[in-house]
Undergrad: 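I'd like to ask some things about the structure below.
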Amino acid sequence: QVQLVESGGGLVQPGGSLRLSCAASGVTFSINDMGWYRQAPGKQRELVANITTTGRTNYADSVRGRFTISGDNAKSTVYLQMNGLKPEDTAVYYCNAEGLSLTMRVFSSWGRGTQVTVSS
């Protein structure tokens with residue numbers, strides 16, 4: 001099983017920046033994709049950004065140009081640099097990892113989330 005631990009959330013003013021981190025641990029054959037999702041009160045969980053182990057990235061239209069996702073394969077860690085934060089970015093941000101178990105089964109693991117609040 002793969003465990004994910006997020007960190008870096010907090011309270012920031014509009015226009016400010018935060019960097020989220022997600023560290024993966026445990027035994028697995030491989031992690032092929034890691035990403036960030038977010039969920040605001042009363043709204044569905046949505047994809048923010050994801051990255052593959054080859055470095056290919058994908059962003060939601062609402063964050064493209066402001067957020068940057070990056071990864072460190074050696075540390076099994078993914079980061080989300082968030083710049084120019086807006087109040088509508090307020091949400092619980094969840095880390096997700098997808099890959100193959102030791103028995104070659106596809107898995108999807110989730111962290112417990114970290115709160116990001118953008119307010120003046």
Undergrad: Any idea which heavy atoms bring Ala97 and Met34 closest together, and the distance?
TA: CB-CG, 4.0 Å
Undergrad: Within a 6.0 Å radius of atom CZ on Arg64, are there more than 12 heavy atoms belonging to other residues, nucleotides or ligands?
TA: yes
Undergrad: Taking the side chain as every heavy atom from C-beta outward, state whether Thr114 and Ser7 have any pair of such atoms under 4.5 Å apart.
TA: no
Undergrad: How long is the straight-line distance from CG of Leu4 back to SG of Cys95, given to the nearest 0.5 Å?
TA: 4.5 Å
Undergrad: Checking the side chain of Gln81 only, and the main-chain atoms of Arg19 only, is there a donor and an acceptor separated by less than 3.5 Å?
TA: no
Undergrad: Answer whether the closest heavy-atom distance between the side chains of Tyr93 and Met82 falls below 4.5 Å.
TA: yes
Undergrad: State the CG-CD distance between Asp33 and Glu98, to the nearest 0.5 angstrom.
TA: 5.5 Å
Undergrad: Charged N to carboxylate O below 4.0 Å: is that the case for Asp89 and Lys86?
TA: no
Undergrad: With a 4.5 Å heavy-atom cut-off, do Ile31 and Leu100 have their side chains touching?
TA: no
Undergrad: Verify whether one side chain among Ser119 and Thr117 offers a donor that lies under 3.5 Å from an acceptor in the other.
TA: no
Undergrad: Using modelled atom types only, decide if a donor and an acceptor are shared between the side chain of Thr77 and the backbone of Lys75 within a distance under 3.5 Å.
TA: yes
Undergrad: Are any of the side-chain heavy atoms of Leu102 and Val27 separated by less than 4.5 Å?
TA: yes
Undergrad: Would you kindly confirm whether Val78 and Tyr37 end up in one hydrophobic cluster when ILVMFWY residues are joined by side chain heavy atoms under 4.5 Å apart?
TA: no
Undergrad: Taking the six-membered ring of Tyr94 as reference, does the NZ or CZ atom of Arg38 fall below 6.0 Å from its centre and within a 45° cone about the axis?
TA: no
Undergrad: Are the aromatic rings of Trp36 and Phe67 close, with centres under 6.0 Å apart?
TA: no
Undergrad: Please check this pair: side chain of Ser21 against backbone of Tyr79, looking for a donor-acceptor N/O pair closer than 3.5 Å.
TA: no
Undergrad: Please give me the minimum heavy-atom distance between Asn83 and Ser17, naming the atom from each residue.
TA: OD1-OG, 2.9 Å
Undergrad: Are the side chains of Asn32 and Thr52 in contact, using a 4.5 Å heavy-atom criterion?
TA: no
Undergrad: Is there a side-chain contact between Asn96 and Ser108 in this structure, where contact means two heavy atoms from C-beta onward sitting under 4.5 Å apart?
TA: yes
Undergrad: Using a 3.5 Å distance criterion without hydrogens, assess whether the side chain of Asn73 forms a donor-acceptor pair with backbone atoms of Thr53.
TA: yes
Undergrad: Is any side-chain heavy atom of Arg56 less than 4.5 Å from a side-chain heavy atom of Ile51?
TA: no
Undergrad: Do Leu85 and Leu18 make a side-chain contact, defined as non-hydrogen atoms from C-beta onward lying under 4.5 Å apart?
TA: yes
Undergrad: Any donor-acceptor pair under 3.5 Å linking the side chain of Arg66 with the backbone of Gly84?
TA: yes
